[in-house]
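Notes to accompany the following structure.
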Amino acid sequence: KRNATDDDEKAQQPKKAKMVEVGHTLDQANDSEVRMMSKQDISQAYDNWHDITKDDPPPDIEPTGDQLTCLSEVVNEDEPPYADFAIFGNAAYRNSRKPKLRGLRPAGDGSWVPEEFTGPENFTVWQSCYMVYRTAVIMLDIYTMAVTDSYLAHMTYFAGLYGPACWHILARADQRAREQQLERSRRVISRKRKAEGLPALPMKSQWEPALRHLIDDVKFWNEQVVM
C-alpha cells in the first residue's frame with residue numbers, strides 16, 4: 001500500500017534527462033548522445049529569432065528541439081556547425097527517411113552496419129533542408145541571417161548555372177565545404193587576425209567570418225564545382 005512518504009520520495013527523485021542521438025539527428029558519422037537542451041535555452045533560441053524577424057519561424061523551416069540541441073552541443077565542443085542534409089531537414093523530409101535510418105546492411109566481414117543515407121536528391125530538396133539549418137544557426141546565434149543568405153545565393157547560382165544533371169557534383173561540393181573546408185577557412189581567418197595584431201575571437205564567433213571566407217574561396221569552388 002502506497003503512503004505519503006513513498007509519494008514524497010518519488011517526487012524528490014531527479015527527473016531523468018532526455019538524451020538525443022546525434023547520429024540520427026545531425027550527423028550520421030557522429031555516434032554520441034547529448035543531453036537535451038533546457039526549455040529555457042530553447043525558448044531563448046526562439047526569442048533570438050523573434051528579435052530579428054518579429055515572428056516565429058514558419059512551420060516548414062522550424063527546427064526541432066533535438067536539432068537545436070545537437071547543433072548547439074557540436075559548436076560548444078568547438079566543432080564546425082555541420083549538419084548532414086541526408087538526415088537533417090523539416091518534418092516531412094525526416095519522416096520520409098526515418099524507416100531507412102533504422103535499417104542495417106551486411107558488411108564484407110559478415111557483420112551488419114547501419115545503413116547510411118545519401119544527401120538530397122536535387123536542389124529543391126537541398127534548399128528545404130538548408131532553410132531549416134538556416135533557422136537553427138540563426139536561432140543559436142552561430143551565424144547571421146546575412147551570411148546564411150549569402151551561402152544560399154552562392155549555391156543557387158551554381159545550381160542555376162550547371163542544372164540538374166550536375167547536381168551530384170554540387171551536392172558533394174556543398175558537403176565538403178560545410179563539413180571540412182569551413183574549418184580550414186576558420187584557421188586562415190584566425191591566423192590573419194593574429195598577424196594583424198587583432199585579438200582572437202571566441203570559437204563560436206569564428207564561424208561567421210570563416211563562412212564568409214569559404215564563400216569567397218574561389219580556388220576551392222573552382223576545384224570542386226567548375227567543369
Side-chain angles (χ1 to χ4, degrees), residues 25-27 45-46 48-64 67-68 70-72 74-75 80-94 97 117-186 189 204-227:
T25 307
L26 183 73
D27 181 2
Y46 277 94
N48 292 343
W49 178 270
H50 190 274
D51 288 344
I52 297 170
T53 66
K54 310 306 177 187
D55 202 354
D56 281 331
D60 60 338
I61 66 169
E62 180 175 347
T64 65
Q67 289 172 327
L68 290 172
C70 292
L71 195 52
S72 176
V74 165
V75 171
Y82 170 71
D84 180 356
F85 290 170
I87 59 173
F88 190 98
N90 59 29
Y93 182 72
R94 295 193 312 275
R97 297 192 161 213
F117 290 114
T118 56
E121 60 266 30
N122 56 54
F123 179 71
T124 300
V125 176
W126 179 92
Q127 189 172 18
S128 72
C129 297
Y130 182 82
M131 293 303 289
V132 178
Y133 175 78
R134 171 182 177 270
T135 305
V137 293
I138 292 170
M139 290 173 68
L140 295 171
D141 198 27
I142 299 169
Y143 292 135
T144 63
M145 189 173 289
V147 76
T148 58
D149 287 349
S150 293
Y151 190 84
L152 176 59
H154 194 67
M155 288 290 292
T156 301
Y157 167 77
F158 281 127
L161 181 65
Y162 295 113
C166 297
W167 167 246
H168 63 291
I169 297 174
L170 182 54
R172 184 177 58 195
D174 162 67
Q175 181 180 355
R176 288 176 177 171
R178 293 182 297 105
E179 185 177 17
Q180 302 170 13
Q181 193 67 19
L182 182 65
E183 166 61 21
R184 296 175 65 87
S185 289
R186 186 199 65 77
I189 295 299
K204 185 177 179 180
S205 300
Q206 293 184 33
W207 300 118
E208 169 97 3
L211 184 56
R212 292 189 181 280
H213 178 273
L214 175 56
I215 293 169
D216 294 334
D217 189 347
V218 176
K219 182 176 183 293
F220 170 80
W221 293 104
N222 280 348
E223 291 174 349
Q224 300 296 323
V225 179
V226 173
M227 304 160 214

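Quick caveat: nothing in here was measured; it's all calculated off a predicted structure.
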Where [X] and [Y] come nearest, the two heavy atoms and their spacing:
X: Pro120; Y: Cys129; result: CG-SG, 4.2 Å
X: Val132; Y: Pro63; result: CG1-CA, 3.9 Å
X: Lys204; Y: Leu140; result: NZ-O, 2.8 Å
X: Pro80; Y: Val74; result: O-CG1, 3.3 Å
X: Trp207; Y: Pro81; result: CD2-CD, 3.6 Å

### Query
Looking only at atom types and distance, does a side-chain atom of Tyr93 sit under 3.5 Å from a main-chain N or O of Phe85, one as donor and one as acceptor?
yes
### Query
Quick check: does any side chain N or O of Arg94 sit under 3.5 Å from a backbone N or O of Gly89, one acting as donor and the other as acceptor?
yes
### Message
Strictly by salt bridge (charged side-chain N to carboxylate O under 4.0 Å, His left out), give each pair with a member in residues 151-176 just once, sequence neighbours left out.
### Response
Asp174-Arg178
### salt bridge (charged side-chain N to carboxylate O under 4.0 Å, His left out) pairs, two or more places apart, involving residues 152-166
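Every candidate salt bridge (charged side-chain N to carboxylate O under 4.0 Å, His left out) pair involving residues 152-166 fails, so no pair, neighbours aside, qualifies.
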### Task
Quick one: which residue pairs count as a side chain to side chain donor-acceptor pair (under 3.5 Å) with a foot in residues 127-141, not counting sequence neighbours?
Arg134-Asp149
By side chain to side chain contact (heavy atoms under 4.5 Å, CB included) - contacts of [X] (at least two apart):
X: Lys54; answer: none
X: Glu62; answer: Tyr46, Pro57
X: His154; answer: Phe158, Ile215, Trp221
X: Thr156; answer: Phe123, Leu152

### Task
Just jot down the salt bridge (Lys or Arg N to Asp or Glu O under 4.0 Å) partners of Glu208, sequence neighbours excluded, or say none.
Arg212
### Query
Which residues satisfy the salt bridge (Lys or Arg N to Asp or Glu O under 4.0 Å) test with Glu179, sequence neighbours excluded?
none
Please round to the nearest 0.5 Å and tell me the distance separating atom [atom1] of [X] and atom [atom2] of [Y].
X: Ile142; Y: Ser205; atom1: CD1; atom2: OG; result: 11.0 Å
X: His50; Y: Met139; atom1: NE2; atom2: CE; result: 12.0 Å
X: Ile87; Y: Gln67; atom1: CD1; atom2: CD; result: 9.0 Å
X: Trp126; Y: Trp167; atom1: CH2; atom2: CH2; result: 6.5 Å
X: Phe88; Y: Thr25; atom1: CZ; atom2: OG1; result: 9.0 Å
X: Met131; Y: Thr148; atom1: CE; atom2: OG1; result: 8.0 Å

### Task
Please test Leu182 against Tyr82 for side-chain contact (heavy atoms from CB on, under 4.5 Å), starting from the C-alpha separation and ending with a verdict.
CA-CA 9 Å; Leu182 182 65; Tyr82 170 71; over 6 Å; no
#### Entry: Under the ring-ring contact (aromatic ring centres under 6.0 Å, His included) test, residues paired with Trp49 that sit two or more places apart
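In terms of ring-ring contact (aromatic ring centres under 6.0 Å, His included), with neighbours along the sequence ignored, Trp49 is linked to no residue.
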### Query
Who passes side-chain hydrogen bond (donor to acceptor under 3.5 Å, both in side chains) against Asp217, sequence neighbours left out?
Gln181
### Query
With sequence neighbours excluded, what pairs up with Asn48 under the side-chain hydrogen bond (donor to acceptor under 3.5 Å, both in side chains) test?
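Applying side-chain hydrogen bond (donor to acceptor under 3.5 Å, both in side chains) to Asn48 gives Gln44.
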### Task
For the pair Leu170 and Tyr162, evaluate side-chain contact (heavy atoms from CB on, under 4.5 Å) and give the outcome as yes or no after the intermediate values.
CA-CA 9 Å; Leu170 182 54; Tyr162 295 113; over 6 Å; no
